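Remarks on the structure that follows.
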Amino acid sequence: MSPGPTRGDSPTRDLRGNPFHCDCRIKWLVEWLSSTNASAELGECQGPAELNGTRLSQLHLQDFDCITTALVLFQSLPFQALAVEPFWYQGEQHVAITQPFAGRCSLLEWDHLDGAFRAYASINGSSPVACKPLVVEGRLLVVLAQLAGGSHVWRQEGASGRFVRLQELGPQRIRKPNALASFRVDGDWFLAVADSSKAGATTLFRWGGRGFYAHQALHAWHRDTHVEFLELAGRPSLILASSSQRPVVYQWSRPGRAFLRHTDIPDMDDVYAVKHFRLRGDVYVCLTRFIGDSKVMRWEGSMFRDVQHMPSRGSMVFQPLGIGNHRYAVLGNDYSFSQVYRYDARSGLFVRFQELNTQAPRSFAHLAVHQRDFVFAASFKGDTQIYRHITIDLSA
């Protein structure tokens, strides 16, 4: 191809015979042509396929979508993790990481001097599977769910910043916890604990001023693996995922101050986890299956309906992430690379975008600090990874 125009050049360019691939690499040329009286004689695109035969003079700057994004490795944390929970406290965003093999919950913050994340506190346990931070009445609480040794609520002491045990959570009710969800309904704080034991029941606890106390038993003897809180048509709702039946949707009854079974999610047996997101006023869910297709579904008034299937082989997490104006869904994989999908507004579907090499991922979470965006990837078999979300101009 002829070199770019320079000052003093003739305003006419004969570009015949040049094989133009009309992607972001020639955006500068289209911009130059549109800003001068120059013309491009017989210059045509020979790729991509949808632009074959198009004259350069017919191209416009809006034809080029040259801004893309990427997740690049930023920091590795030398421990295995099962869950990552971002939370806000005292105007800063933090993250709680559940470390089952180390037997602790670590709290991380951004270190302004080193420009990296560091652990500033930890809560020791015996076999933690979930670590849920929440701020109640101005106090930072951390609920540590464990397979053995009991599940407990811890409270941070204001002056010292250390954590002290506040209470044992439902010692007669929690047999094999697998996931936690915290939320507020009608001014009250609630904590839902998904119980995956054969003889257990997912239980709803309500904050009573000095601790969380049992409020309602849900879904007994179904080996629930996950609980997700969301709002459907303005009504507080819960979705319980189970290894024994299809996910069940509960909705809040204000007269009874309890969650009542509303419906289930069709054609989706053996769902490990359910995560929701909102897009253009609609509610969607990402449903994870270890073997078989994971799905994106949309709420349509009374039930969820299929939007998209993603092949799953060894998936324990299918996590939607919203970063700025971008919407992603990350499908973890125990046997290969995890797939990052990015939402395409034109098709209304998620398209494959990037692969992440995180061993046996169990949780993905977005954290924003000081105008920078990060994605934490908890690894069950290797180092937990932190990726930075960056913007790339392909025309530069």
Side-chain angles (χ1 to χ4, degrees), residues 67-125 128 130-135 138-144 154-164 317 319 321-326 328 330 332 337-338 340 353-393 396:
I67 303 300
T68 189
T69 58
L71 294 172
V72 296
L73 185 61
F74 174 79
Q75 184 179 353
S76 292
L77 304 175
F79 52 73
Q80 295 82 24
L82 191 59
V84 180
E85 288 279 353
F87 65 99
W88 283 93
Y89 184 56
Q90 295 182 339
E92 295 284 344
Q93 202 168 20
H94 306 252
V95 63
I97 300 183
T98 308
Q99 299 172 241
F101 301 114
R104 63 173 174 260
C105 169
S106 294
L107 304 184
L108 275 66
E109 65 182 359
W110 179 255
D111 188 315
H112 296 270
L113 294 178
D114 290 341
F117 290 93
R118 69 174 184 90
Y120 67 92
S122 64
I123 300 171
N124 294 325
C131 181
K132 173 67 70 173
L134 61 159
V135 180
R139 289 281 187 90
L140 176 60
L141 306 179
V142 176
V143 183
L144 188 63
W154 295 74
R155 181 181 66 199
Q156 187 180 45
E157 293 296 311
S160 65
R162 67 186 183 91
F163 283 87
V164 298
V317 56
Q319 179 68 56
L321 297 171
I323 304 178
N325 296 323
H326 304 284
Y328 304 93
V330 188
F337 292 105
S338 296
V340 181
F353 176 66
Q354 186 178 347
E355 293 181 334
L356 298 180
N357 186 16
T358 299
Q359 296 183 56
R362 291 295 181 267
S363 177
F364 295 96
H366 168 229
L367 199 72
V369 292
H370 297 282
Q371 300 181 332
R372 283 173 282 191
D373 293 290
F374 298 93
V375 172
F376 281 68
S379 169
F380 192 63
K381 294 183 179 180
D383 289 350
T384 289
Q385 309 284 9
I386 305 174
Y387 296 90
R388 185 174 177 187
H389 182 266
I390 64 171
T391 300
I392 302 169
D393 186 350

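Predicted model, so just to flag it, every value in this text is computed and none were measured. Only heavy atoms go into these numbers, but all of them, side chains included; no hydrogens, no water, no symmetry mates. Positions are given from 1, in the same order as the sequence printed here.
By the ring pair (Phe, Tyr, Trp, His ring centres under 6.0 Å) test, Phe380 is found to be paired with Phe101, residues two or more places apart in sequence or in another chain being considered. Annotation: side-chain contact (heavy atoms from CB on, under 4.5 Å) contacts of Ala130 (sequence neighbours excluded): Ala145, Leu180. Partners of Arg118 under the salt bridge (charged side-chain N to carboxylate O under 4.0 Å, His left out) rule, at least two apart in sequence or in another chain, are Glu109, Asp111. In this view, Ala119 and Leu108 satisfy the side-chain contact (heavy atoms from CB on, under 4.5 Å) rule, not counting sequence neighbours. In this structure Phe87 satisfies the ring pair (Phe, Tyr, Trp, His ring centres under 6.0 Å) test together with His94, sequence neighbours excluded. Partners of Phe364 by ring pair (Phe, Tyr, Trp, His ring centres under 6.0 Å), not counting sequence neighbours: none found. For Gln359, the side-chain hydrogen bond (donor to acceptor under 3.5 Å, both in side chains) test picks out no residue, with sequence neighbours left out. Under the salt bridge (charged side-chain N to carboxylate O under 4.0 Å, His left out) criterion, Arg155 pairs with Glu157, sequence neighbours left out. Under the side-chain contact (heavy atoms from CB on, under 4.5 Å) criterion, Thr68 pairs with Arg342, Phe353, Ile392, Leu394, not counting sequence neighbours.
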Do Tyr328 and His389 pass the side-chain contact (heavy atoms from CB on, under 4.5 Å) test, and can you show the C-alpha distance, the side-chain angles, and the key distance before you say yes or no? CA-CA 11 Å; Tyr328 304 93; His389 182 266; 2.7 Å; yes
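Minimum heavy-atom separation, Leu82 to Pro128: CD2-O, 4.3 Å. The heavy-atom pair separating Pro361 from Gly332 by the smallest distance is CG-CA, 3.7 Å. Nearest heavy-atom pair, Val142 versus Cys105, reported as atom, atom and distance to 0.1 Å: CG1-SG, 4.2 Å.
With values rounded to the nearest 0.5 angstrom, Trp154 atom CH2 is found 13.0 Å from Leu140 atom CG. The distance from the CG atom of Leu77 to the OG atom of Ser106 is 9.0 Å, given to the nearest 0.5 Å. Expressed to the nearest 0.5 Å, how far CG of Leu107 lies from OH of Tyr89 amounts to 11.0 Å. Atom CH2 of residue Trp110 and atom OH of residue Tyr120 lie 15.5 Å apart, to the nearest 0.5 angstrom. The CG atom of Asn124 sits 10.0 Å away from the CD atom of Gln99 when rounded to the nearest 0.5 Å.
Screening residues 71-84 for salt bridge (Lys or Arg N to Asp or Glu O under 4.0 Å), with sequence neighbours left out, gives no hits. Residue pairs satisfying the side chain to side chain donor-acceptor pair (under 3.5 Å) criterion with at least one member in residues 70-88, sequence neighbours excluded, are listed as follows: Ser76-Gln385, Glu85-Lys132. Residue pairs satisfying the side chain to side chain donor-acceptor pair (under 3.5 Å) criterion with at least one member in residues 360-370, sequence neighbours excluded, are listed as follows: His112-His370, Asp334-Arg362, His366-Asp373.
In this structure, Thr358 contributes its side chain and Ser379 its backbone to no donor-acceptor pair below 3.5 Å.
With contacts defined as side-chain heavy-atom distances shorter than 4.5 Å, the pair Phe374/Tyr387 does not qualify.
None of Leu356, Val84, Leu367, Ile323 except one satisfies the side-chain contact (heavy atoms from CB on, under 4.5 Å) rule with Val375; the exception is Ile323. Gln354 pairs in a side-chain contact (heavy atoms from CB on, under 4.5 Å) with only one of the listed residues (Val72, Val340, Thr69, Val330), which is Val340.
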